[in-house]
Student: 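Below are the structure tokens for one structure; questions will follow.
Below, chain A is the first sequence line, B the second, and so on; all start at residue 1. Bear in mind that the values here come from a model prediction, so they are computed numbers and not experimental data.
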Amino acid sequence: MESTSPVAILTLMIRSRTFERKIEQLFRTHKMHGTTHLAIGQEAVHAGVALGIDSSDWIVTTHRCHGHTLAKGSSVEAMIGEFFGDKRGLSKGLGGSMHLIDLKHHNAGSSAVVGSSVALATGMALQLQRSGSDNLVVAFFGDGASNRGVVHESMNMASIWSLPVLFLAEHNEYGMSSSAKKMVSVDSIADRGSSYSIKSESIDGNDVELVLSKVRDAARYIREEKRPFLLETRTYRFSGHSKSDKLLYRSREEEAEWAKKDPIGRYSQILVDRGEITYDQIAEIEQSESENIDTIVASYLEDHQELTLEESMEYVYHDEVSL
Amino acid sequence: MKMMSYREAIREAMMEEMARDENVVLIGEDVGCYGGCFTVSSGLIDRFGTRQVIETPVSEEGLVGVAVGAAIMGMRPVVEVMYGDFSTLASDPLLNHAAKTHFMSAGAQSVPLVYRTPMGSGTGAAAQHTQSLETLFTNTPGLHVVFPSTPCDAKGLMKCAIRSNNPVVFLEHKNYGQMGLVPDDEYLIEIGKADIKRIGEDVTIITYGRMLDTVTQAARVLEDDEVSVEIVDLRSLRPLDTRTILDSVIKTKRALIVHEAPLFGGFSGEIAATIASDSKAFSSLMKPVVRLGGREMPIPFNKHLEAAMIPQVEDIVKAATSLFG
């Protein structure tokens, strides 16, 4: 896991923001194919969670998975390769932007059927518990997915079996175009924990040091008390749902209010005030991250390599055991 | 050889594999002291405890999803869903996840899971507990689908399904008390191999699951009429043993396909297409392929209507006879 020094945390968030902006541009200009789901504005959740757990703990993510994957340690090269459908990508171009997986960094992958991954994470935790492991699994899900039946079934099972799951509700106010205010029966998803006898808390997800500290507390609780935990992080998706979103469902005023709570702007100000870094140094980090990504993108555009259809079909089934 | 029931054969296969590998874990509703809805797992919890027999709440989607996640981490779950009809609830973890995990991770992950569930009618349980939904699974690459008809096949296929590193949909018929001979020594039956249950010369009847019994009875009637029937029991629907089907049809020059599911969009269409697409088999046919299946209706509760809506011995005899003359 990367260092949790304040500058390292800020750098990670800047990398994620820069990465997302570049990806947005590449899709907009049709250099990348398919669709993508950005999480601009949610960087504090991703950094705080990934740095608050052990590197050997697992995450299971969602269709909006770039930030989680970067924060857990995946290489920008392998991620961008995947977005280009290149065989050097994280899953050789077979998964794409919504399906990032990196077992080396204990990222067990993402489901683009929102909420379904929560059951997978719960099952992973069941096997970890059976095998005597001390690790936990973070199950990311959004406010939209919080209404899926399988999320509730999973919480119930995690509770009755006391599984090491950190249910991580990333409440960004919208499931696609639908406001959580209209679609979720509770003001805070954390309130649903009590239905399953799962301890829970709701926190400001745009305060990275708070997220980091609460995730550490939750991870300690899960390991020591051997119980699951539900942590709701309140944040905001500055970007649209996907590349075709015209943002008709929310006001520019609301966006401006949340912009004041931008996790990167806030943390930059805090670190400058503390004397940990200067704005010039932050600009240098931004410049360096941007150049790094540009170089990687340019190299993929210049030299594209992909699997043949026949090669890709080799991955449909695992080899059978010989009888 | 020893005589045992279809139920006992499946149980014995699970027991042997659970004893061999402690990562083989039975997961399902009421699979503990109750022994599962059809008492297939009776006694397993006494022998293997809650470490290898995990009883779940009524959460079909959740429990199958949990099994998929556990399988990714090294468990080899055997999931029981008490009625095949509830596969609608389990379809997301099976079709969207288990079937695609190996592919979407470019081989980094695999899902060595067996999904056990009984299909079919004959229990008086009405339309939501008696369907044959095999085609829900057969059009999904990434899954294996097997449907054994006899105790011997059930045991050998179950052991192979558990050892497979791919997700296997293991469909059971509900005649769990059906007796049959099973080898004393350990054996495996490879997924993807059909079995010729009866050698004949004049007509090939292709079937699977519980319909094998009805087809076998029909073959005896036809034998009295001096029609020699070859019965191909598919055992595995995906992968499909096309070679065995084609060789038999080329030999007998007549093909009848029988299953319990409704014909429209049913698996018999795939078999008929397999025959029609092979120039040697197609050109050898003396008559067009005939298919028999359930009526195009939900399964009625009424005992006589329930029995009458799926192919009967006389229907099969009549259909086979129509292939001559």
Student: With a 4.5 angstrom heavy-atom cut-off, could you sort out which part of B/I54 is near chain A: side chain, backbone, both or neither?
Tutor: side chain

Student: Hey, what's the ring geometry for A/Y317 with B/H144, parallel, tilted or perpendicular (30° and 60° as the breaks)?
Tutor: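 Taking B/H144 first and then A/Y317, their aromatic rings lie parallel (interplane angle under 30°).
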
Student: Drop me the distance from B/H102's NE2 to A/L94's CG, to the nearest 0.5 angstrom.
Tutor: 11.0 Å

Student: In terms of heavy-atom pairs under 4.5 Å, which option from B/E190, B/E22, B/Q109, B/R163 contacts chain A the most?
Tutor: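 Most pairs with chain A among the choices: B/Q109.
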
Student: At a 4.5 Å cut-off on heavy atoms, which part of B/D92 comes close to chain A: side chain, backbone, both, or neither?
Tutor: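 Just its side chain gets close to chain A.
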
Student: Taking side chain as everything from C-beta outward and backbone as N, CA, C, O, which of these in A/L307 sits under 4.5 Å from a heavy atom of chain B? Side chain, backbone, both or neither.
Tutor: neither

Student: Counting only heavy atoms closer than 4.5 Å, note whether B/T101 contacts chain A via side chain, backbone, both or neither.
Tutor: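 No part of B/T101 comes within 4.5 Å of chain A.
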
Student: Answer yes or no: is there a side-chain heavy-atom contact under 4.5 Å between B/P57 and A/M157?
Tutor: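 A side-chain contact under 4.5 Å exists here.
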
Student: Where does B/V111 contact chain A at under 4.5 Å (heavy atoms): side chain, backbone, both or neither?
Tutor: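 No part of it gets close to chain A.
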
Student: Taking all heavy atoms of B/G62 and all of A/E153, pick out the closest pair and write down the distance.
Tutor: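 Scanning both residues completely, I find the closest heavy atoms to be N-OE1, 2.5 Å.
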
Student: Would you mind reporting whether A/R130 and B/N23 have side-chain heavy atoms less than 4.5 Å apart?
Tutor: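 Touching, per the 4.5 Å side-chain cut-off.
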
Student: With a 4.5 angstrom heavy-atom cut-off, could you sort out which part of B/P141 is near chain A: side chain, backbone, both or neither?
Tutor: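 Both parts, backbone and side chain.
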
Student: Can you tell which of B/A70, B/P112, B/A99 has the highest number of heavy-atom pairs within less than 4.5 Å of chain A?
Tutor: B/A70

Student: Quick one: CD on A/Q127 to CZ on B/R76, what's the gap to the nearest 0.5 Å?
Tutor: 11.0 Å

Student: Distance check, rounded to the nearest 0.5 Å: A/S110 atom OG versus B/M104 atom CE?
Tutor: 7.5 Å

